[in-house]
Protein chains: 2
Amino acid sequence: MTGVLVVDDDQHLLKALRITLQAHGYAVETAADGEAALIAASRNPPGLVVLDLGLPDMDGAAVLRELRRWSSAPVLVLSARHGSSDKVDALDAGADDYITKPFGLEELLARLRALLRRAPETAEPSTVDTAEFSVDLGRRMVTRNGEPVRLTPTEWSILELLVRNPGKLITQQQILATVWGPAYEKEANYLRVYMAQLRRKLEADTGNPRHLLTEAGIGYRFRP
Amino acid sequence: MTGVLVVDDDQHLLKALRITLQAHGYAVETAADGEAALIAASRNPPGLVVLDLGLPDMDGAAVLRELRRWSSAPVLVLSARHGSSDKVDALDAGADDYITKPFGLEELLARLRALLRRAPETAEPSTVDTAEFSVDLGRRMVTRNGEPVRLTPTEWSILELLVRNPGKLITQQQILATVWGPAYEKEANYLRVYMAQLRRKLEADTGNPRHLLTEAGIGYRFRP
DNA sequence: GACCGGCGTTAAGGATCCGTCAAGATTCCG
DNA sequence: CGGAATCTTGACGGATCCTTAACGCCGGTC
């Protein structure tokens, strides 16, 4: 069940939103001012925030910025102000959507659904394992059968790019641009040399690689 | 540079948006109706779509649903209709934001920034499945009965174009122009060779294809 | 029933791309 | 300054891919 934090100083609106949201299956928490909102958010990190800009104690934009320092939850801003600059400021401060009062509850719910549809963020793993070797992205270390493997900086850059996108085909241009810079996109020769090097260090059978695969004419692919 | 596809039947608005967006560093492509929009999107997948709901040839919501079958790019809907149900329908059909005409360009740009912030060059994890094989557009990978299928670059280009327009008839000229370039629109022979190749790799019974269908005299069609 | 255009299939040739090796150039570090 | 590690460059055989041509099949037409 998704947790929603509603921040507004209008007690009536707060109550109405709580009831409506709970009826639609959200776990609702409320706050009436900016300070309470930040405390509530840190105590019980919400999956989504509905934030009124007109708060008694502090600017709504300030709440937004504080929140954005550690939370990446989607924020939908409510406001009575129709001005274009208000909207631009709020959106650029980190808000994900902005609707003006008065608004329809149906529209609010639809916008919440749209925001939550984008929400499920994947925390990337710090290590990637295969049957034969293991790559620790945080420590910048590779082990094979428990033994550490020495990689040169260039070798590591290529391997990291491939391993961070498991199963995805990475074009030669992407690798060359990432590792050597955009000016080297034609030097496909480098890649051949370094892929051979990587396979010699990581693959059991260099002739039949099982994890560092070639896609002729396009690029390479890492298969976990 | 992020690619934005703008779909609207109002030539004036189209031109104004193109100029404004280009001035802000986006690569802009435009389409005046739903069909052109879907072709343009599959030919050059955009990072973001601005879609007018009032199109001459098909319902804007239908365009949205077709696009959502393979693309996860954020979609901002433009509309002249203020009704709550219109907004709810569009948002639930897969749109990420909805603004009504007339709108301020500054607000539009701010909303685009907010959307792109959420989907930073999203590696489209979109896949299209059939009963026998599955096409992972983001990873550029095809699996059949769980086993990966090796496709050459040309084979992939053709399959990608067809799969990104499920159920839609693609003419031979469109395929040839997209894969080999506009100068090869007469080389229908290439297509026969490669369609046979694709069917041999993907279809159970190449004589009776179930997903890669021929439309004699016109072109080909992908049926999910 | 013969002709004909469009399609599917196959295979061979040539062009392109890849893996490999090794030697020279460069950078790094004591 | 000198040695070691790393990077660059070029060349070669082999693998992969694209092109091209030929042939059989099917459906429509006269």
Side-chain angles (χ1 to χ4, degrees), chain A residues 140 142 148-162 169-181 183-222, chain B residues 140 142 148-162 169-181 183-222:
Chain A
R140 225 166 218 265
V142 180
V149 178
R150 284 186 58 88
L151 292 188
T152 73
T154 306
E155 289 163 8
W156 170 262
S157 296
I158 297 172
L159 183 64
E160 181 183 25
L161 176 60
L162 291 173
L169 173 53
I170 312 291
T171 68
Q172 301 182 12
Q173 285 79 10
Q174 286 175 327
I175 301 177
L176 289 165
T178 303
V179 176
W180 281 272
Y184 290 77
E185 285 189 3
K186 297 298 175 61
E187 299 289 345
N189 217 359
Y190 293 2
L191 264 187
R192 291 205 285 279
V193 175
Y194 277 97
M195 288 307 299
Q197 201 84 4
L198 276 174
R199 289 206 257 243
R200 192 182 314 158
K201 292 183 177 180
L202 298 179
E203 294 276 6
D205 181 0
T206 313
N208 271 38
R210 301 185 51 187
H211 301 106
L212 301 173
L213 309 182
T214 301
E215 300 281 343
I218 305 290
Y220 295 87
R221 182 199 306 274
F222 167 72
Chain B
R140 202 171 181 143
V142 179
V149 178
R150 291 184 57 90
L151 293 188
T152 73
T154 306
E155 290 162 8
W156 170 263
S157 296
I158 298 172
L159 182 65
E160 183 182 28
L161 177 60
L162 291 172
L169 172 56
I170 311 292
T171 68
Q172 300 183 7
Q173 286 77 14
Q174 285 174 332
I175 301 177
L176 288 165
T178 302
V179 176
W180 280 272
Y184 290 75
E185 285 188 1
K186 298 298 174 61
E187 299 288 346
N189 210 5
Y190 291 3
L191 262 188
R192 289 204 288 279
V193 173
Y194 277 98
M195 288 307 300
Q197 201 85 3
L198 276 175
R199 289 205 258 244
R200 190 190 315 167
K201 291 184 177 179
L202 299 179
E203 294 276 6
D205 181 2
T206 53
N208 272 36
R210 301 185 51 187
H211 302 106
L212 301 172
L213 310 182
T214 302
E215 300 284 342
I218 310 288
Y220 295 88
R221 180 198 307 274
F222 167 72

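In the text below, chain A, chain B and the rest are named by the order of the sequence lines, each starting its count at 1. Model, not experiment: these values are computed from the prediction.
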query = Of the candidate nucleotides dC17(D), dC18(C), dG10(D), which contains the atom at the shortest distance from the side chain of Gln172(A)?
reply = dC18(C)
query = Side chains of Trp180(A) and Ile158(A): closer than 4.5 Å at any heavy-atom pair?
reply = yes
message = If you compare every side-chain N and O of Tyr190(A) against the phosphate oxygens of dT9(D) (OP1, OP2), does one of them come in below 4.0 Å?
response = yes
ask   = What does Tyr220(B) touch in the nucleic acid at a heavy-atom separation under 4.0 angstrom: a base, only the sugar-phosphate, or nothing?
value = sugar-phosphate
key: Short side-chain N/O contact to dG8(C) OP1/OP2 from Thr214(B), under 4.0 Å   = yes
inquiry  = Please pick, from dC18(C), dC18(D), dT9(C), the nucleotide with the shortest atom-to-atom distance to any side-chain atom of Thr206(B).
reply    = dT9(C)
ask   = Looking at the side chain of Ala216(A), which of dT19(D), dT9(C), dC18(C) is the nearest nucleotide?
value = dC18(C)
inquiry  = How many whole angstroms separate atom CG of Asn208(B) from atom P of dC25(D)?
reply    = 17 Å
task = Take atom CD of Gln197(A) and atom C1' of dA22(C), then tell me their distance rounded to the nearest Å.
result = 12 Å
task = Taking only the side-chain nitrogens and oxygens of Trp180(B), find out if one of them lies under 4.0 Å from OP1 or OP2 of dC18(D).
result = no
ask   = How close or far is atom P of dC18(C) from atom CZ of Arg150(B), stated in whole angstroms?
value = 11 Å
ask   = side-chain contact (heavy atoms from CB on, under 4.5 Å) between Tyr220(A) and Leu191(A): does it pass, once the steps are laid out?
value = CA-CA 10 Å; Tyr220(A) 295 87; Leu191(A) 264 187; 4.1 Å; yes
message = Under 4.0 Å from OP1 or OP2 of dC21(C): is there any side-chain N or O of Arg192(A) that close?
response = no
task = Measure the distance from CD on Glu187(B) to C1' on dT19(D) and round it to the nearest whole Å.
result = 9 Å
Phosphate contact (dT10(C) OP1 or OP2) by Arg200(B) side-chain N/O below 4.0 Å = yes
request  = Any chance you could measure Gln174(B), atom CD, to Leu162(B), atom CG, to the nearest 0.5 Å?
outcome  = 10.0 Å
request  = Rounded off to whole Å, could you give me the CG-to-P distance for the Leu213(A) and dT16(D) pair?
outcome  = 13 Å
query = What is the distance, rounded to the nearest whole Å, between atom CG of Asn189(B) and atom P of dT9(C)?
reply = 14 Å
remark   = Closest to the side chain of Ala196(B), out of dT19(D), dG10(D), dG8(C), is dG8(C)
Nucleotide nearest Arg199(A) (side chain, heavy atoms from C-beta), chosen from dC21(C), dG19(C), dC18(D) = dG19(C)
key: Arg140(B) to Ile218(A) - nearest heavy-atom pair and separation   = NH2-CD1, 3.7 Å
Non-hydrogen atoms of Leu212(B) and Phe222(B) that approach each other most closely = CD2-CD1, 4.1 Å
note = Which of dT20(D), dC18(C), dC17(D) is nearest the side chain of Thr152(B)? It is dC17(D)
note = Checking dC18(C), dC7(D), dG10(D) against the side chain of Thr154(A) (C-beta onward), the nearest is dC7(D)
ask   = Thinking salt bridges, do Lys201(A) and Glu155(A) make one under a 4.0 Å N-O criterion?
value = yes
inquiry  = What is the distance, to the nearest angstrom, from the CG atom on Leu176(B) to the P atom on dC7(C)?
reply    = 11 Å
task = Ignoring backbone atoms, test whether Tyr194(A) places a side-chain nitrogen or oxygen under 4.0 Å from the OP1 or OP2 oxygen of dG19(C).
result = no
query = Expressed in whole Å, how much space separates the C1' atoms belonging to dC23(D) and dG14(C)?
reply = 22 Å
inquiry  = From CG of Leu198(B) over to P of dC7(C), roughly how many Å is that when rounded to an integer?
reply    = 16 Å
